[in-house]
Amino acid sequence: MTKQKVVVTDVKSGMNMAVVVPPALFTAEAKKPPLMPGYIKISKKKLLQNIETNGGARINAWVESMRASSPTSRRKSTQDQSTWTTKLPSALNVFDEITDASRGKQIVMFLDYDGTLSPIVDDPDRAYMSDAMRATVRKLAECFPTAIVSGRCRDKVYNFVKLAELYYAGSHGMDIRGPSKGSKYKKCPPSVLCQPASEYLPMIDEVYGLLMEKTKSTPGAKVENNKFCLSVHFRCVDEKKWSELAAQVRSVLKDYPKLRLSQGRKVLEIRPTIKWDKGKALEFLLESLGYANCTDVFPIYIGDDRTDEDAFKVLRERGQGFGVLVSKIPKETSASYSLQEPSEVMDFLQRLVDWKRLSW
Ligand SMILES: O=P(O)(O)OC[C@H]1O[C@H](O[C@H]2O[C@H](CO)[C@@H](O)[C@H](O)[C@H]2O)[C@H](O)[C@@H](O)[C@@H]1O
């Protein structure tokens, strides 16, 4: 029997899952045409009921989702690739269209860090950004207000980027600070601008301790404290141990209903259930910069991860600017354009700088 891949959101954990299930679990909805090659849209409620009653497979669903979050887990077919580039053209190929659309408007740049400005590496503590990328981002920030929006703790991402003239939104946007010096776009003092989850700090610290203890028996697992959220990395965990790790994380989180789980690239991300994400951070930053109700603002958000989708969606809903997804493989996304990897991101940023300097 052929198995099928579907994307659902776990209503209890809030986690997006791409799961592989046998056709017996599908409703008639599954017969509708797929959204993207290899994916089928079905009733989330029905699928979750089916999953829950079909062997109590919550942990299995997590593991399937963990597999799906690995870029190498999907084979690239020629059809996938051509659908992908038709649906999401390269931002480099349509550069003139982009600059035409922004004419007369204030471009504001939002950049994710891992996988966007720095290549994905095994050790999260060694995800360095190249000097060339740093120099490009520095020039970019001279041309446009620029913010880094990351799942990482703000101090940590600052220590990688090391540019004081930028805005930083760490912990998936739950910790926002303005430029500490040298920005002509500084509209506010360099103090902390927004920390909507500060009451969760003690809980996050407690859960960090529990997860460290619980996961220490799983070789390769790494828990990262991102201040207002936590990351449990499984990039270096043997795939055979993923269900063990998922069970360990689940056993801790079941006692913390005020925390939710989402997923990034080979990482389980734990954060407060508050309605705040990278999309809200983008809106907050636009407001701080004085562009809240402006029609002539043109935000560009570049990111590679599921958590960046919240920001892409906000841009679509506002009908302003656009999102650029950094990915070599097809993904469901609300972004409008794509770039394949950080080196292409650097080329795109450099072209924006050159274009802006020509028009000065
Ligand atoms: O929003 P981001 O800036 O993209 O942060 C998301 C997570 O990025 C980091 O993890 C990812 O990059 C690591 C280094 O390349 C890689 O080892 C890991 O597998 C990726 O998931 C960061 O360590 C996490 O805390 C962030 O949540």
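Read the numbers this way: they start at 1 and go in the same order the structure lists the ligands and their atoms. The residues of the chain are indexed from 1 along the displayed sequence.
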T273, I270, V252 screened by side chain to side chain contact (heavy atoms under 4.5 Å, CB included) with L259, the one that passes: I270

The atoms of ligand 1 lying under 4.0 Å from a heavy atom of V267, numbered in the order shown, are 21 (O)

I need the atoms of ligand 1 closer than 4.0 Å to a non-hydrogen atom of R152, numbered in the order shown.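 Result: 9 (C), 14 (C), 22 (C), 23 (O).
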
At what distance is the nearest protein heavy atom to [atom], and which residue and atom is it?
atom: atom 2 (P) of ligand 1; value: D112 OD1, 2.9 Å
atom: atom 10 (O) of ligand 1; value: H233 CE1, 3.4 Å
atom: atom 26 (C) of ligand 1; value: E269 OE2, 3.7 Å
atom: atom 23 (O) of ligand 1; value: E224 OE1, 2.6 Å
atom: atom 16 (C) of ligand 1; value: V121 O, 3.2 Å
atom: atom 20 (C) of ligand 1; value: R265 O, 3.3 Å
atom: atom 19 (O) of ligand 1; value: R235 NE, 2.6 Å

Salt-bridge present ([X], [Y]; N to O < 4.0 Å):
X: D308; Y: K278; result: yes
X: R265; Y: D114; result: no
X: K280; Y: D310; result: no
X: D354; Y: R351; result: no
X: E269; Y: R306; result: no
X: E142; Y: R357; result: yes

N or O pair under 3.5 Å between [X] and ligand 1:
X: D123; result: no
X: G151; result: yes
X: G264; result: no
X: D305; result: no

Measuring from non-hydrogen atoms of R126 to any atom of ligand 1, is the shortest distance under 4.0 Å? no

Does at least one non-hydrogen atom of P119 fall below 4.0 angstrom from an atom of ligand 1? yes

NZ/K139: more than 12 non-hydrogen atoms of other groups inside 6.0 Å: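 Yes, because the 6.0 Å sphere around NZ of K139 holds more than 12 heavy atoms from other groups.
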
Using heavy-atom distances, let me know which of L117, L111, D114, T307 sits nearest atom 12 (O) of ligand 1.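 Shortest heavy-atom distance from atom 12 (O) of ligand 1: D114.
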
Could you work out, for atom 11 (C) of ligand 1, the closest of D125, I270, I120 by heavy-atom distance? I120

Using a 4.0 Å heavy-atom threshold (strictly under), name the region of S150 that reaches ligand 1: side chain, backbone, both or neither.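 The answer is both, backbone and side chain.
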
If you measure from each non-hydrogen atom of D122 to ligand 1, which part falls under 4.0 Å: side chain, backbone, both or neither? backbone

Pairwise side-chain contact, F348 with I98, heavy-atom cut-off 4.5 Å (strictly under): yes

Evaluate the side-chain proximity of I204 to N225: yes if any heavy-atom separation is below 4.5 Å, no if none is.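 Yes - at least one pair of side-chain heavy atoms lies under 4.5 Å apart.
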
Between F312 and Y301, does the ring centre distance come in under 6.0 Å?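 So the answer is yes for these two rings.
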
For Q248 and S217, does a side-chain donor sit closer than 3.5 Å to a side-chain acceptor?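 Per modelled atom types, Q248 and S217 side chains form a pair under 3.5 Å.
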
